[in-house]
Amino acid sequence: MTDPILAESSYSHDIDVSIDRIDIADWLAHLGNAEFQRCCPPDHIACGFTHTDDGRPMSINVETVGPSLLIQQYVAEVYEPHACRMVSVSDVFPLSGGRTQTVVIWTLAIEPVSDTSCRFVNSVTSKATREFLELIREQGQTFEQAAAPRQQASADHNRRETPGYAASIARAAKVRHPLLT
């Protein structure tokens, strides 16, 4: 079993802003703690933005998803105004104890709806690492027993954060283009 999927979900939310005014990469690079926290209270704790040693953009997020604290270090694989694909080997601290890692793929995209609106699509896929599989085996869990609550928690988190992110992206677009509001 190589990187089996623990959870995946995708939600969308319409934004009353023209797609040509949206820049997800810029929004992500300038997303501050307070704004991040507003997007999904009380789950979102902190965020920051930096670059890897080789210069790739990196978003660092600290949040709770269900009963786990996650420290995510998302490295950009795609980093464009209308699409970002961020991949993290995330540290996971389950309330049941221990520390492990999962691979999280976060895809943010904007699609046109009309001349004056667009749709934000927020997709998240979590995959088990060898370390994660060893931890659940030590805890006496099957993969299915470990994945089911993570799928539920991840989908619930994504469902709640997607409209918050959409509103934040809209606010950022209006700040970037104040005369067009």
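- Note on residues 93-108: pairs passing salt bridge (charged side-chain N to carboxylate O under 4.0 Å, His left out), not counting sequence neighbours, are Asp91-Arg99.
- Remark: Asn61 CG to Glu161 CD distance equals 8.5 Å, nearest 0.5 Å.
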* To do: Give the C-alpha distance, both sets of side-chain angles, the deciding distance and a yes or no for side chain to side chain contact (heavy atoms under 4.5 Å, CB included) between Val121 and Glu111.
  => CA-CA 8 Å; Val121 182; Glu111 305 168 345; 3.7 Å; yes
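- Contact record, Ser154 with Ser9: O-OG, 4.0 Å, taken as the closest heavy-atom pair.
- Phe120 and Tyr74 fall within a single hydrophobic cluster, where Ile, Leu, Val, Met, Phe, Trp and Tyr are joined by side-chain heavy atoms under 4.5 Å apart, directly or via other members.
- Taken from OG1 in Thr64 to CG in Asp43, the straight-line distance is 4.0 Å, to the nearest 0.5 Å.
- No side-chain donor-acceptor contact under 3.5 Å links Gln151 to the backbone of Ala148.
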* Stepwise side chain to side chain donor-acceptor pair (under 3.5 Å) test for Gln101 and Thr129 -> CA-CA 6 Å; Gln101 291 183 324; Thr129 60; 5.5 Å; no
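- The cluster map of Ile, Leu, Val, Met, Phe, Trp and Tyr, joined by side-chain heavy atoms under 4.5 Å apart, puts Val65 and Val87 in different clusters.
- Closest non-hydrogen pair, Tyr79 versus Ala29, comes out as OH-CB, 3.3 Å.
- Considering Ile19, Ile15, Asp20 in turn, Ile15 is the only one that fulfils the side-chain contact (heavy atoms from CB on, under 4.5 Å) rule with Val17.
- Within the 4.5 Å cutoff, the side chain of Ser168 has heavy atoms near those of the Leu31 side chain.
- Remark: aromatic rings of His157 and Tyr11 are distant, center separation not under 6.0 Å.
- Counting all heavy atoms, side chain and backbone alike, Ala83 lies closest to Val78 at O-CG1, 3.6 Å.
- The aromatic ring centroids of Trp27 and Phe49 lie 6.0 Å or more from each other.
- Listed by chain and residue number, Asp14 satisfy the salt bridge (Lys or Arg N to Asp or Glu O under 4.0 Å) test with Arg119 (two or more places apart in sequence, or in another chain).
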* Would you please test Leu70 and Phe93 for side chain to side chain contact (heavy atoms under 4.5 Å, CB included) and show each step? => CA-CA 6 Å; Leu70 283 80; Phe93 299 87; over 6 Å; no
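- With sequence neighbours excluded, the residues that form a side-chain contact (heavy atoms from CB on, under 4.5 Å) with Thr102 are Leu6, Ser90, Val92, Val104, Phe132.
- Looking at Gln73 and Ser88, their side chains never bring a donor and an acceptor atom within 3.5 Å of each other.
- Between the side chain of Thr162 and the backbone N or O of Asn158 there is at least one donor-acceptor pair closer than 3.5 Å.
- Under the 4.5 Å side-chain heavy-atom criterion for grouping Ile, Leu, Val, Met, Phe, Trp and Tyr, Met86 is connected to Val124 within one hydrophobic cluster.
- Once rounded to the nearest 0.5 Å, the distance linking CD1 of Ile45 with CD1 of Ile71 reads 9.0 Å.
- Not counting sequence neighbours, Asp53 has no partner by the salt bridge (Lys or Arg N to Asp or Glu O under 4.0 Å) test.
- Under the 3.5 Å distance criterion, the side-chain polar atoms of Ser18 are left unmatched by any main-chain donor or acceptor of Arg21.
- Between atom OG1 of residue Thr100 and atom CD of residue Gln139 there is a gap of 9.0 Å, rounded to the nearest 0.5 Å.
- The line from CD of Glu8 to NZ of Lys127 is 9.0 Å long, rounded to the nearest 0.5 Å.
- Proximity of His30 to Asp26: side-chain heavy atoms (C-beta onward) are separated by under 4.5 Å at one or more points.
- In terms of the side-chain contact (heavy atoms from CB on, under 4.5 Å) criterion, residue partners of Thr107 (sequence neighbours excluded) are, by chain and number, Arg85, Ile105, Ser123.
- Open room surrounds CD on Gln152; 12 or fewer heavy atoms of other groups in view lie less than 6.0 Å from it.
- One side chain, Trp106 or Asn122, offers a donor N or O that lies under 3.5 Å from an acceptor on the other.
- Glu63 is linked by a salt bridge (Lys or Arg N to Asp or Glu O under 4.0 Å) to nothing, counting only residues two or more places apart in sequence or in another chain.
- Under the 4.5 Å side-chain contact rule for hydrophobic residues, Ile60 and Val75 share a cluster.
- With rounding to the nearest 0.5 angstrom, the CG atom of Asn33 is 11.0 Å from the CD atom of Glu35.
- Formation of a donor-acceptor pair under 3.5 Å by the Gln141 side chain with backbone atoms of Ile136 is not found in this model.
- Under a hydrophobic clustering in which Ile, Leu, Val, Met, Phe, Trp and Tyr are joined whenever their side-chain heavy atoms come within less than 4.5 Å, directly or via other members, Ile110 and Leu28 fall into the same cluster.
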